[in-house]
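The structure appears right after this line, and notes come after that.
A, B, ... follow the sequence lines: proteins, then strands. Residue 1 opens every chain.
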Protein chains: 4
Amino acid sequence: MAYYREDPQGDDSRSKRQQILEAAYAVFSRKGYHRATVDEIIALADTGKGTVYNYFNNKEQLFYTLIRERSQPFETALEQVADADQPVLDKLQAMVRLFLRFYLDNAALWRVMMHEIRGFGSDGLSYVKAETRDKYREGFSRTIGMLGRVLQEGIDQGLLREVNVAHTAHALFSVIVALTFQQFVADVDTAAHEVTDIFLYGLVRK
Amino acid sequence: MAYYREDPQGDDSRSKRQQILEAAYAVFSRKGYHRATVDEIIALADTGKGTVYNYFNNKEQLFYTLIRERSQPFETALEQVADADQPVLDKLQAMVRLFLRFYLDNAALWRVMMHEIRGFGSDGLSYVKAETRDKYREGFSRTIGMLGRVLQEGIDQGLLREVNVAHTAHALFSVIVALTFQQFVADVDTAAHEVTDIFLYGLVRK
Amino acid sequence: MAYYREDPQGDDSRSKRQQILEAAYAVFSRKGYHRATVDEIIALADTGKGTVYNYFNNKEQLFYTLIRERSQPFETALEQVADADQPVLDKLQAMVRLFLRFYLDNAALWRVMMHEIRGFGSDGLSYVKAETRDKYREGFSRTIGMLGRVLQEGIDQGLLREVNVAHTAHALFSVIVALTFQQFVADVDTAAHEVTDIFLYGLVRK
Amino acid sequence: MAYYREDPQGDDSRSKRQQILEAAYAVFSRKGYHRATVDEIIALADTGKGTVYNYFNNKEQLFYTLIRERSQPFETALEQVADADQPVLDKLQAMVRLFLRFYLDNAALWRVMMHEIRGFGSDGLSYVKAETRDKYREGFSRTIGMLGRVLQEGIDQGLLREVNVAHTAHALFSVIVALTFQQFVADVDTAAHEVTDIFLYGLVRK
DNA sequence: GATGAATGAGAATTCATTCAT
DNA sequence: CATGAATGAATTCTCATTCAT
């Protein structure tokens, strides 16, 4: 790491790599993968073009790094809750809260990513190599899978009805993403309550 | 210059326009907005490049036209069901079926569009005028709004609990999109049942 | 081919493709492969950058096309002489003349090519795919091989001593290239005589 | 700034320079001038990038130094033979052997150089000052000139026919280079014999 | 002296759009 | 109207060189 600057409290004390990642986050989020240009990223990061390529092989890997570094703490936190020794419904709600918080911060970037890993380039014209795409997908599988595991736990305990776990986990996930994306989430706790309430007890008045 | 040609005299000129739209549908769906090239579209449409620009101002307007023409029949059908004089729960399930069917056919293109209406020039470098973006968004508002209207109807009749209608309509919508996108929908009727079942009665065993 | 211009005697009446090839010839010859820039080529060809890529896939293929189109007439002429029903020594001298004339015109470009097809990128970092490189090499093998065939003919007839044909053909070839490159060739006939004289009768005074 | 350091105090500093030169030799030989990167050279030399620029002004001067240092011992040895008091034909063959041995070792690098001294900024965009280019050329002139001097000696002694000495020396030289480059030289003595045999006695059976 | 992070001037390539025929 | 050759702005990526430590 190069800390040339004498004032480590200044904004420039972040490592160049970090500055680039943060700028990339902003630009990718705002513009999407394609419309995001390296030029815009370096302008925001206040760095030279070559510097980006010192730290990252190419635009695609910069994007991937961004996703990976952002998702890791989230996944860890989610796993802890999923594996916790608590009532299933509490765990579910806690997980929904984690999801909401994460997507509230990252919805824009994740939308971009979801778009990029789509079937595109099924015919080889893709920019994202199949192998990279699979790495992205594994990320989703892991997190949504954790939701599924807890749902299954609830079913096994006789608490929940016997529904298709994979489908339901995806449904829950998609609702979370939709709400955050639609900026319907003013307060995480309220939204988490709202979501779990519908999923657990349904719309029909008893 | 835009030659919309609302009145096709010759059968030939109409079919050209149609050929282009169909090719554009295929290419945009497969490649996304950016990676879709006019060259690929004309190759598939078996027409000249200039011809595309006779019928459409530019790539973006071609895309918009595509979306508009595809969504119109769907919206009409949806509206008929929403306004029908039937039990609310039946209407809801029928609407879910319509949605599922529509997104089963058009998920790819709609995903592209959803992605594009974010980022389409949120700032100075816009490719799309804010006004166009809003037109896309209105489309969503209309269809999701119809879901909301029927939900409200159910609430008014005392059938459904008093939830946030807009949020719930979006949630329902997002689940539909997620299921189709994840290719979890083998059979529309089954999937419609699955979705409404969860939303109406919840996961918790009574 | 597009002949927009009204004056077909003008310099611009050559097809764009031809203009580009001629400009590329000049620039590659003068600068070598790497230092030749597409920008310089289009400046000389008085054309747009995209036009180059309409006619040629990339810089490398432009270069290859150049080589191929230039060498074809030469190879044909050489073959005719090699296969002619004439005395071996006459054929040899005629072939040397053809070689000299060809390399007098094309030495610069051929030098560039010879440099490019060298072992470079034996380790995968090459710009020229092995397969392309082999196509270049086949070209050399063919023309030098024709020299060899005629030498062999001379040996078979008992006219020439039993030397290593491949080596000798390459030696003869290299001398031709060296003389033209060193601009020692004022007059093709004289130079051809000089070369064959040494190769056939040696330096030692009898 | 150029720090040539003709007087190495520390053993370490000399070895750095030497390490760089050796790495540069390997990389330039394998990749050619342009494709050789300073990064690759320092990786092989196990040194820092700045260090290269402490010893050499730039990439080009590094290349030049390489050539100069490599050619010096060869030129000295060649001169000794040329000036020796021996029969002309013996001297010629000995010189051919020296050439073959030298180019067998250095063909790759010399080819690169030969290619670069053409094109090295024949016009305004020169990377290399004309003066530098001429220094390279003088090197060739000197060694080929020594061949010429011995040939002339043979002519003066009535041993050889009165041919154009400069042309013939270049021809001899080019054959040597061609054979080594084509990897036709398995054994220096055999190849030297083969070359002189053809040049001295010709192909025609007496 | 040695180092290597930072830099930016190029270079190749893509692709929407125009316009003469 | 249909066409497609021509175009150049925009974009990614490379790599020699600098310079603060």
Side-chain angles (χ1 to χ4, degrees), chain A residues 1-6 15-17 20 34-42 46-60 62 127, chain B residues 1 3 5 9-10 12-13 16-17 34-42 47-60 62 125 127, chain C residues 1-5 15-17 20 34-42 46-60 62 127, chain D residues 1 3 5 9-10 12-13 16-17 34-42 47-60 62 127:
Chain A
M1 321 295 132
Y3 292 93
Y4 289 148
R5 317 298 179 139
E6 289 301 316
S15 75
K16 278 284 172 192
R17 184 175 184 281
I20 292 166
H34 258 95
R35 267 189 273 265
T37 68
V38 176
D39 272 324
E40 199 175 354
I41 291 170
I42 63 172
D46 191 32
T47 188
K49 200 176 293 198
T51 310
V52 171
Y53 288 90
N54 283 343
Y55 288 108
F56 308 95
N57 293 327
N58 48 42
K59 187 180 166 184
E60 199 218 311
L62 168 58
Y127 283 88
Chain B
M1 312 309 122
Y3 293 94
R5 299 196 42 81
Q9 298 109 324
D12 214 38
S13 72
K16 275 290 173 197
R17 185 175 183 282
H34 259 95
R35 279 190 264 265
T37 66
V38 177
D39 272 321
E40 198 174 355
I41 291 170
I42 63 169
T47 187
K49 202 180 282 199
T51 311
V52 171
Y53 288 87
N54 285 340
Y55 288 107
F56 308 95
N57 288 328
N58 49 40
K59 185 182 170 183
E60 198 242 314
L62 167 59
L125 292 165
Y127 286 94
Chain C
M1 320 294 133
Y3 293 93
Y4 290 147
R5 318 295 180 143
S15 77
K16 279 284 172 193
R17 185 174 183 281
I20 291 167
H34 258 95
R35 267 189 274 266
T37 68
V38 175
D39 272 324
E40 198 175 354
I41 290 169
I42 63 172
D46 191 33
T47 188
K49 201 177 290 200
T51 310
V52 171
Y53 288 89
N54 283 342
Y55 289 107
F56 308 95
N57 293 329
N58 49 41
K59 187 180 166 186
E60 199 218 312
L62 168 59
Y127 283 88
Chain D
M1 314 304 127
Y3 293 94
R5 299 196 42 81
Q9 297 110 324
D12 213 38
S13 75
K16 274 290 173 197
R17 186 175 182 282
H34 258 95
R35 280 190 263 264
T37 67
V38 176
D39 272 321
E40 198 174 354
I41 291 170
I42 63 170
T47 187
K49 202 179 284 199
T51 311
V52 171
Y53 287 88
N54 285 340
Y55 288 108
F56 308 94
N57 288 329
N58 51 37
K59 186 182 170 183
E60 199 242 313
L62 167 59
Y127 286 94

State whether [X] places a side-chain N or O below 4.0 Å from either non-bridging phosphate oxygen (OP1 or OP2) of [N].
{"X": "A/Tyr55", "N": "E/dA5", "result": "no"}
{"X": "C/Tyr53", "N": "F/dA6", "result": "no"}
{"X": "A/Lys16", "N": "E/dA6", "result": "no"}
{"X": "D/Thr47", "N": "E/dT3", "result": "yes"}
{"X": "C/Thr51", "N": "F/dT7", "result": "yes"}

> Of all heavy-atom pairs between A/His34 and A/Lys59, which one has the smallest distance, and what is that distance?
Replying inline: O-NZ, 3.4 Å

Rounded to the nearest 0.5 Å, what separation is found between the [atom1] atom of [X] and the [atom2] atom of [Y]?
{"X": "A/Arg17", "Y": "A/Thr47", "atom1": "CZ", "atom2": "OG1", "value": "13.5 Å"}
{"X": "C/Thr51", "Y": "C/Ile20", "atom1": "OG1", "atom2": "CD1", "value": "6.0 Å"}
{"X": "A/Thr37", "Y": "A/Lys49", "atom1": "OG1", "atom2": "NZ", "value": "8.0 Å"}

>> I'd like to check the side-chain hydrogen bond (donor to acceptor under 3.5 Å, both in side chains) partners of A/Asn54; sequence neighbours left out, ordered by chain and number.
In response: none

> For C/Asn58, what residues pass the side-chain hydrogen bond (donor to acceptor under 3.5 Å, both in side chains) criterion, not counting sequence neighbours?
Replying inline: none

> Looking for any heavy atom pair under 4.0 Å, which part of the strands does D/Lys49 touch: base, sugar-phosphate only, or nothing?
Replying inline: base

>> Just to be sure I understand the rule, does A/Asn58 reach a base, reach only the sugar-phosphate, or reach nothing, if contact means heavy atoms closer than 4.0 Å?
In response: sugar-phosphate

>> Pick the closest DNA chain F nucleotide for C/Gly50 and for D/Thr37 by heavy atoms, then say which residue is nearer the 5' end.
In response: C/Gly50

> For DNA chain F, whose closest nucleotide is more 5', that of B/Gly48 or that of C/Arg17?
Replying inline: B/Gly48

Atom-to-atom span, [atom1] of [X] to [atom2] of [N] - whole angstrom:
{"X": "A/Glu40", "N": "F/dA10", "atom1": "CD", "atom2": "P", "value": "13 Å"}
{"X": "A/Ile41", "N": "F/dA10", "atom1": "CD1", "atom2": "C1'", "value": "15 Å"}
{"X": "A/Glu60", "N": "F/dT11", "atom1": "CD", "atom2": "P", "value": "19 Å"}
{"X": "B/Ile42", "N": "F/dA5", "atom1": "CD1", "atom2": "P", "value": "10 Å"}
{"X": "B/Leu62", "N": "E/dT17", "atom1": "CG", "atom2": "P", "value": "10 Å"}
{"X": "C/Phe56", "N": "F/dA5", "atom1": "CZ", "atom2": "C1'", "value": "14 Å"}
{"X": "B/Asp39", "N": "E/dA16", "atom1": "CG", "atom2": "P", "value": "7 Å"}
{"X": "D/His34", "N": "F/dA16", "atom1": "NE2", "atom2": "P", "value": "9 Å"}

> In dot-bracket, 5' to 3', how would DNA chain F read with Watson-Crick or G-U wobble pairs under 3.5 Å, [ ] for crossing ones and | for pairs to another strand?
Replying inline: .||||||||||||||||||||

> So do C/Arg35 and C/Glu40 actually touch side chain to side chain, heavy atoms under 4.5 Å?
Replying inline: no

>> Taking the nucleotide of DNA chain E with the nearest heavy atom to each, does C/Asn57 or B/Lys59 sit closer to the 5' end?
In response: C/Asn57

> If you pin C/Ala36 and D/Val52 to their nearest nucleotides in DNA chain E, which one's is more 5'?
Replying inline: D/Val52

> Can a donor-acceptor pair under 3.5 Å be found between the side-chain atoms of A/Asn54 and the base atoms of E/dA6?
Replying inline: yes

>> Walk me through whether C/Leu62 and C/Ile41 qualify under side chain to side chain contact (heavy atoms under 4.5 Å, CB included).
In response: CA-CA 11 Å; C/Leu62 168 59; C/Ile41 290 169; 4.1 Å; yes

